[in-house]
Number of protein chains: 2
Amino acid sequence: MQNTGLKTAAIEKISHKEYFNIAVSVDCVIFGYEEKQLKVLLIKSDLKEFEGLWSLLGDLVTPNENLDDAPYRVLLERTGLKDVYLEQVHSFGDVHRHPSGRVVTIAYYSLVNIKSHKLNLTDNELHWHNVAELNSMAFDHKLILDTCLQRLQEKVLEHPVVFNLLPEKFSLRELQDLYQAILGQELDRRNFRKRINLKNWLVDLNEMEEDVPHRPGKLYKLKSGLKKISTDLNRSKPVKTHLV
Amino acid sequence: MQNTGLKTAAIEKISHKEYFNIAVSVDCVIFGYEEKQLKVLLIKSDLKEFEGLWSLLGDLVTPNENLDDAPYRVLLERTGLKDVYLEQVHSFGDVHRHPSGRVVTIAYYSLVNIKSHKLNLTDNELHWHNVAELNSMAFDHKLILDTCLQRLQEKVLEHPVVFNLLPEKFSLRELQDLYQAILGQELDRRNFRKRINLKNWLVDLNEMEEDVPHRPGKLYKLKSGLKKISTDLNRSKPVKTHLV
DNA sequence: ACAAAAGTGTTTGGAGTACACCCATGG
DNA sequence: CCATGGGTGTACTCCAAACACTTTTGT
């Protein structure tokens, strides 16, 4: 083969080395649910510039880990949880978004059951915040949170993901409360039940709630086969056009 | 104020400098439309590793440009077009996705009218490819293309974006052909027209097609106020729940 | 006259929405 | 018996889908 004018990757790397000067991070919007409120797990910023403000859990991507593995690592390190639901949402890369230097961050949200990891967050400066009450945050993290919440709101309408926030067994009332917390609006009970029924996501356990101060409701669980945990790129169905 | 244990950004930068070792690029899936086929603008790979394969138009993000500005720059440099429609889609960052080193790329798609920039692509190795006929590409660009196409397919169902691919004036037949090319399926003419009518996107120009070898159709244009060009984060309406 | 596409309407089914009453349990 | 939520059905409207004939123009 002659000299074709093509360059090898090795040569290209040399010619571009001044560009390898941007850090890449991931930020995780870790959603939880408790007492009828959607929560997000935050940490007190350790940067002087943002003293007193809260920030998302994130970390720089290390040179030898895949981008999509980084948020799993962050989750594991911070909450001890594996097999969480994670979805990549959006990248944020304004020049001055981070005071330490040029950091492009890729935002993910995850859904975790608060009860299942009460343990790991006693010592550090981690706290669950009510999403509805959050105002300013460190960096551009409020924007990231809003973007992820919006994505979650769209997601839950069509996909059975909220079950990652609930215990194994739950009543329809609990499920409805959760949807209301995520969507930020009240839903009609009868229509909600019809709609959930149509989705065919649930199995009736033939068990009842206990220790409730009123008539107990039936308990359900997510139908097996509808994997709770999954990543983003799993559209197997064709596009629903509504245009055919 | 005492020493609070907080670090300044400058100090943090020093402690993390070994991480500023990943390059960030953007890759643009530039869609066009011609002869009833959805096209994508590609360039012959200049890397020996991918000799003979085609790749998306992309570039490294420079240290002093905002992430979302980078794809505009790429578009401008490659096609001479400003004010194109651009949407950020997804980030790809597997460790070995790029032979030159660690490169995390953020994928965007854009919609351009092929006719409006015929000029700039004579010299270089740029060509419009039929999306439906593309198989292997350089890097992970086939995956990126597929992801962007999927996003485009979802987008066009609800948002008036396809008009960026059409001339100012068009017939409903042309519009339907375009939707069919994007969605990869045939649509019923009567239902399609009803649906488009419901969307209320178009203005009837009271003009007719000319020089067609059959009965001419009426011409329409996009209603003004429905800006053709826009970026991603412009959801003003609340979530449509279908659950209230 | 023929070819090619424009233009148009009806019927059916499914799903969203609004809405009100009785039931079961704990206190 | 009261409070609290559980559980249910109907009527209406809107939209998607399937489907066929007549009209207009160029050749």
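Hydrogens, waters and symmetry mates are skipped; everything else that's a heavy atom, side chains included, is used. Letters A, B, ... are given to chains in the order of the sequence lines, protein chains preceding strands, and every chain is numbered from 1. Source: prediction; values computed, not measured.
In this entry the distance linking CG of B:Leu157 with C1' of D:dC15 reads 15 Å, nearest Å. Spacing between atom CD of B:Gln185 and atom C1' of D:dA17 amounts to 13 Å, rounded to whole angstrom units. One can place NZ of B:Lys218 at 12 Å from C1' of C:dT8, the figure rounded to the nearest angstrom. Remark: C1' of D:dG5 and CD of A:Gln180 are 13 Å apart, rounded to the nearest angstrom. The distance from atom CZ of A:Phe192 to atom P of C:dA18 is 16 Å, rounded to the nearest whole Å. The separation between B:Arg193 atom CZ and D:dA16 atom P is 17 Å, rounded to whole Å. When the P atom of C:dA15 is taken as reference, atom CG of A:Asn197 falls 12 Å away, rounded to whole Å. Rounded to an integer number of Å, the gap from CD of B:Glu158 to C1' of D:dA16 is 13 Å.
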request  = Using a 4.0 Å heavy-atom cut-off, write out nucleotides 19-27 of chain D from 5' to 3' as B (base contacted by protein), S (sugar-phosphate only) or - (no contact).
outcome  = BB--BBBS-
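The number of heavy-atom neighbours closer than 6.0 Å to NZ of B:Lys169, taken from other residues, nucleotides and ligands shown, is 12 or below. Heavy atoms of other residues, nucleotides or ligands lying less than 6.0 angstrom from NZ of B:Lys44 number 12 at most.
For B:Arg193, there are no salt bridge (Lys or Arg N to Asp or Glu O under 4.0 Å) partners, not counting sequence neighbours. For A:Ala181, the side-chain contact (heavy atoms from CB on, under 4.5 Å) test picks out A:Tyr33, A:Leu38, with sequence neighbours left out. When the salt bridge (Lys or Arg N to Asp or Glu O under 4.0 Å) test is applied to B:Asp69, no partner is found at least two apart in sequence or on another chain.
Ring planes of B:Phe139 and B:His141: tilted class, angle from 30 to 60°.
For B:Lys194 and B:Asn191, the side-chain atoms include at least one donor-acceptor pair closer than 3.5 Å.
Under the side-chain hydrogen bond (donor to acceptor under 3.5 Å, both in side chains) test applied with A:Asn130, the options A:Gln37, A:Lys39, A:Glu34, A:Glu35 reduce to a single match, A:Gln37.
Judged as a salt bridge (Lys or Arg N to Asp or Glu O under 4.0 Å), the pairs with a partner in residues 214-226 of chain A (not counting sequence neighbours) are, in order, A:Asp204-A:Lys218.
For DNA chain C, no neighbouring residue in residues 198-205 of chain B is found when judged by any heavy atom under 4.0 Å.
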